[in-house]
Amino acid sequence: MTLTKRVFLILSLLTTLGIISQLSATAKNPPKSEITINDTNNHKQINLEKGKILIIKLSANPSTGYNWQIIKNNPQKLKPLGTSVFEPLPTATGESQVKLVGSPENQVFRFLGQNSGSTQLELQYSRAWEKNIPPIKTYQITVKIP
């Protein structure tokens with residue numbers, strides 16, 4: 001085997017190993033397709049790529065009759081993915097607590113960044129049957145989709 005063929009074979013092998021290594025790293029750490037935000041993001045701007053999912057987790061206590069309701073949104077830009085769900089708050093170690101009646105929880109909303117532009121999202125924490133009473137909390141964010 002000539003020197004040129006050996007060099008070509010070694011370079012081909014190294015290139016193949018580099019490609020396999022890169023693909024393996026991508027498979028272990030896929031690009032993030034979700035952004036999760038919470039109460040601390042109130043009145044902030046969130047950048048969300050088109051096709052990505054925005055998850056909003058807001059503190060709630062449904063046993064009191066209060067829950068978060070979407071008041072303002074442009075579904076052409078930020079499409080709601082189903083209805084909200086409740087999940088137990090995480091413990092200090094990050095594990096989910098056992099769901100106990102009367103305990104606070106996170107009310108979780110999911111949205112898909114659908115079309116480019118900017119939209120305002122507003123949620124209010126109130127009781128649905130109390131019509132002329134202002135909400136006890138509001139949550140507003142601006143979502144920018146490039």
Using salt bridge (charged side-chain N to carboxylate O under 4.0 Å, His left out) as the criterion, list what pairs up with Lys57, not counting sequence neighbours.
-> Glu87

Can you tell if the side chain of Leu121 reaches within under 4.5 Å of the side chain of Phe109, non-hydrogen atoms only?
-> no

Neighbour count above 12 (heavy atom, 6.0 Å) for Lys79 NZ = no

Going through the distances and angles, do Leu58 and Asn38 end up as a side chain to side chain contact (heavy atoms under 4.5 Å, CB included)?
-> CA-CA 6 Å; Leu58 300 174; Asn38 58 29; 5.5 Å; no

Taking the side chain as every heavy atom from C-beta outward, state whether Asn106 and Ser59 have any pair of such atoms under 4.5 Å apart.
-> yes

Are Gln107 and Ser84 linked by a side-chain donor-acceptor pair shorter than 3.5 Å?
-> yes

Do Thr138 and Gln124 meet the criterion of a side-chain donor-acceptor pair at a distance under 3.5 Å?
-> no

Are Asn41 and Asp39 side-chain neighbours, meaning at least one heavy-atom pair lies under 4.5 Å?
-> no

Could you walk me through whether Leu81 and Ile53 pass side chain to side chain contact (heavy atoms under 4.5 Å, CB included), step by step?
-> CA-CA 9 Å; Leu81 298 176; Ile53 296 173; 4.1 Å; yes

Heavy-atom side-chain contact between Gln69 and Asn67 under 4.5 Å | yes

Looking at residues at least two apart in the chain, or sitting in another chain, which of them share a ring-ring contact (aromatic ring centres under 6.0 Å, His included) with Tyr66?
-> Tyr125

Go through the steps for Gln114 and Lys77 under the test side chain to side chain contact (heavy atoms under 4.5 Å, CB included), then give the verdict.
-> CA-CA 5 Å; Gln114 197 152 299; Lys77 300 214 184 295; 5.9 Å; no

What's the verdict on side chain to side chain contact (heavy atoms under 4.5 Å, CB included) for Leu48 and Ile35, showing C-alpha distance, side-chain angles and the deciding distance?
-> CA-CA 8 Å; Leu48 180 70; Ile35 294 176; 3.8 Å; yes

Does CD in Glu130 sit with more than 12 non-hydrogen atoms of other residues, nucleotides or ligands closer than 6.0 Å?
-> yes

Mind checking the NZ-CG spacing from Lys137 to Asn42? Nearest 0.5 Å is all I need.
-> 10.0 Å

Name the one of Thr119, Asn115, Val143 that satisfies side-chain contact (heavy atoms from CB on, under 4.5 Å) with Asn74?
-> Thr119

Are Trp68 and Val85 connected, step by step, through hydrophobic side chains (Ile, Leu, Val, Met, Phe, Trp, Tyr) whose heavy atoms are closer than 4.5 Å?
-> no

If we ignore angles and hydrogens, is there a donor and acceptor under 3.5 Å between the side chains of Asn47 and Gln45?
-> yes

Going hydrophobic residue to hydrophobic residue with side-chain gaps under 4.5 angstrom, can you get from Leu112 over to Ile70?
-> no

With Glu122, which residues qualify under salt bridge (charged side-chain N to carboxylate O under 4.0 Å, His left out), at least two apart?
-> none

For residues Pro146 and Ser116, report the shortest heavy-atom separation together with the two atoms involved.
-> O-OG, 2.9 Å

Do Pro62 and Glu105 have side-chain heavy atoms sitting under 4.5 Å apart?
-> yes

Is there a side-chain contact between Ile141 and Ile37, using heavy atoms and a 4.5 Å cut-off?
-> yes

From the options His43, Gln120, Lys44, select the one residue that forms a side-chain hydrogen bond (donor to acceptor under 3.5 Å, both in side chains) with Thr142.
-> Gln120

Kindly say whether Thr83 contributes a backbone atom to a donor-acceptor pair with the side chain of Arg110 at under 3.5 angstrom?
-> no

Looking only at heavy atoms, what is the nearest atom pair of Lys131 and Ala128, with distance?
-> NZ-O, 3.0 Å

Is any side-chain heavy atom of Ile56 less than 4.5 Å from a side-chain heavy atom of Phe111?
-> yes

Just wondering, do Ser118 and Ile145 contact through their side chains at under 4.5 Å, heavy atoms?
-> no

